[in-house]
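Just so you know, residue 1 is the first one in the sequence shown, and it goes up from there. FYI, side chains are in, hydrogens and waters are out, and symmetry mates aren't considered; it's all heavy atoms of this structure. Everything quoted here is computed from the prediction, not taken from an experiment.
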Amino acid sequence: MKRLFSFLLVSALVLGLAFPAAAAAPDVPENAARSYVLMESETGEVLSERNAHTAYPPASVTKIMTMLLVAEAVDGGQYALDDKVTASEYASSMGGSQIWLEPGEVFPVSELLKTVAVVSANDSAVALAEFTSGSEAAFVEAMNAKASYLGMTDTHFENCTGLPAEGHVTSAYDIALMSRELMKHEWITDYTTVWMDSIREGTSELTNTNRLIRTYPGATGLKTGFTNEAKYCLSATATRNGLSLVACVMGGETSALRFEAAKVLLDYGFANYEMADLLENDGAFPESLPVVNGESDRVGLDVTDLGRVLVLKSARKELRYAFDLPEKLAAPLREGEPVGMFYIYQGKKLLSSAPILATESVKGQSYMDVLRMLLGKLSFGK
């Protein structure tokens, strides 16, 4: 079936344009991040990176995956945030950052989750792991399975805390993947945005290790980490004007440098990109097409599920539409049946595509319909 010339014309215009000019890369010194990734959360598009897939020890940034599995257990109905967790002797024995759990001490899931998010408590992380999977070892198996499911090919976990262990590694890109996944559980920000709080009826105070929560506009989380081997690591998330970003920094020489690196990355993203809402049909393709051999002679057209696309602000005017449709359609047609494709480009870059659908059903002509039509023509000929 012949295609409409409109598609070829629009496509020719699109392909004749240059790629949108990329913004100058953010200035992140090597000593601030031996690797980093800036990712847009909704689409997963990487906006800037360095050594994105090089595997390093992640320190307590590991706990993003720990919190993700806990969030999934809560949302999946395995347990509730107010369910009580009893600390084991093993959980209480964890070193590093902790809230000094005593064996047999009882906390609700919500309180332990808060201490993981805010002060990176290793003992709380292990207590939650045991409560979720029966043992830390079983929980770590689930962590690695989830990492595989998310496409985290640079990652292997040996524990749920990030305490030093041979072979416990991940990459900046993989951290961005699990950070993005965790933030889909919107209620997690009830914990990741806490700056100061307390537990044990106010006797144990908590201050967030992620200072961007207090200093960076739009910050929503997420997790710091440090060991001598990993150096200073950070996954920082923020949202402004409907654009959500995650900046993952690994191997900073100092705590201040990692925070500055994350800030530079987030500033770069918010300054140069935006999420654009797209109209379903802004005159970009015909509202209907002719139908042959049908009870109706035309059928309406529409496109759905375009959603939002990530665009470079400086090239916003280069947004172009194209479509691929036949000149006519043959009955029968079902409502919602794909009959063509709609495309959105920025310069040469394809941003989004979606099927063009028939807005109604059109039955094919029956034998009697055809006979009546022929008889009508014969009568008209007399």
Side-chain angles (χ1 to χ4, degrees), residues 1-20 40-45 149 151 180 184 242-243 273-312 315-382:
M1 193 176 290
K2 294 171 66 178
R3 300 290 175 179
L4 290 173
F5 288 113
S6 302
F7 173 69
L8 298 176
L9 177 61
V10 175
S11 294
L13 290 172
V14 169
L15 295 175
L17 294 170
F19 282 103
E40 193 283 312
S41 295
E42 187 172 330
T43 64
E45 183 166 346
Y149 176 79
R180 177 188 179 212
K184 291 179 181 178
L243 176 64
Y273 292 89
E274 64 180 329
M275 295 299 295
D277 290 304
L278 301 173
L279 299 177
E280 292 184 354
N281 184 1
D282 191 21
F285 59 88
E287 293 184 357
S288 66
L289 280 183
V291 177
V292 296
N293 300 326
E295 291 184 349
S296 301
D297 58 3
R298 297 192 73 84
V299 65
L301 303 176
D302 203 356
V303 62
T304 58
D305 298 325
L306 278 175
R308 305 191 308 159
V309 294
L310 180 70
V311 300
L312 191 62
R316 187 73 161 82
K317 61 182 180 297
E318 293 184 19
L319 283 179
R320 299 289 185 271
Y321 299 141
F323 61 87
D324 188 4
L325 282 169
E327 292 181 335
K328 55 189 176 182
L329 299 167
L333 293 165
R334 300 185 312 277
E335 180 181 354
E337 179 179 345
V339 296
M341 287 296 296
F342 182 59
Y343 306 94
I344 301 169
Y345 294 87
Q346 187 171 50
K348 288 183 179 180
K349 182 181 180 181
L350 177 64
L351 297 181
S352 184
S353 64
I356 298 174
L357 310 175
T359 60
E360 57 205 309
S361 297
V362 178
K363 293 182 179 179
Q365 290 179 329
S366 66
Y367 172 79
M368 293 304 297
D369 292 331
V370 175
L371 182 59
R372 279 192 292 269
M373 180 185 67
L374 291 175
L375 290 174
K377 287 183 178 181
L378 290 172
S379 298
F380 181 76
K382 293 179 180 179

Quiz prompt | Separation between CZ of Arg320 and CG of Leu351, rounded to the nearest 0.5 Å | solution = 11.5 Å

Exercise. In sequence, state the C-alpha distance, the side-chain angles, and the governing distance for Tyr343 and Leu350, and then conclude on side chain to side chain contact (heavy atoms under 4.5 Å, CB included).
Key: CA-CA 7 Å; Tyr343 306 94; Leu350 177 64; 4.0 Å; yes

Quiz item: Got a donor-acceptor contact below 3.5 angstrom from the Arg334 side chain to the Ala358 backbone?
Solution: no

Practice problem: State, without any angle test, whether Arg298 and Ser288 hold a side-chain donor-acceptor pair at a distance under 3.5 Å. | Solution: yes

Self-check item: side chain to side chain contact (heavy atoms under 4.5 Å, CB included) assessment of Leu325 paired with Ile356
Solution: CA-CA 8 Å; Leu325 282 169; Ile356 298 174; 3.9 Å; yes

Exercise. Check step by step if side chain to side chain contact (heavy atoms under 4.5 Å, CB included) holds for Leu301 and Leu357.
Key: CA-CA 6 Å; Leu301 303 176; Leu357 310 175; over 6 Å; no

Self-check item: Separation between CD of Glu274 and CZ of Arg308, rounded to the nearest 0.5 Å
Solution: 10.0 Å

Quiz item: Going by an N to O cut-off under 4.0 Å, is there a salt bridge joining Lys363 and Glu335?
Solution: no

Quiz item: Do any N or O atoms from the side chain of Glu360 and from the backbone of Gly300 form a donor-acceptor pair under 3.5 angstrom?
Solution: yes

Self-check item: Ring centres under 6.0 angstrom apart (Tyr321, Phe342)
Solution: yes

Practice problem: Find the distance between OH (Tyr345) and CG (Leu319) and round it off to the nearest 0.5 Å. | Solution: 13.0 Å

Exercise. Mind running side chain to side chain contact (heavy atoms under 4.5 Å, CB included) on Asp297 and Val291 for me, showing each step along the way?
Key: CA-CA 5 Å; Asp297 58 3; Val291 177; 5.8 Å; no

Practice problem: Identify the heavy atoms of Glu337 and Pro332 that sit nearest to each other, and give their distance. | Solution: OE1-O, 4.3 Å

Quiz item: Is there a donor-acceptor contact under 3.5 Å from the side chain of Gln346 to the main chain of Lys349?
Solution: no

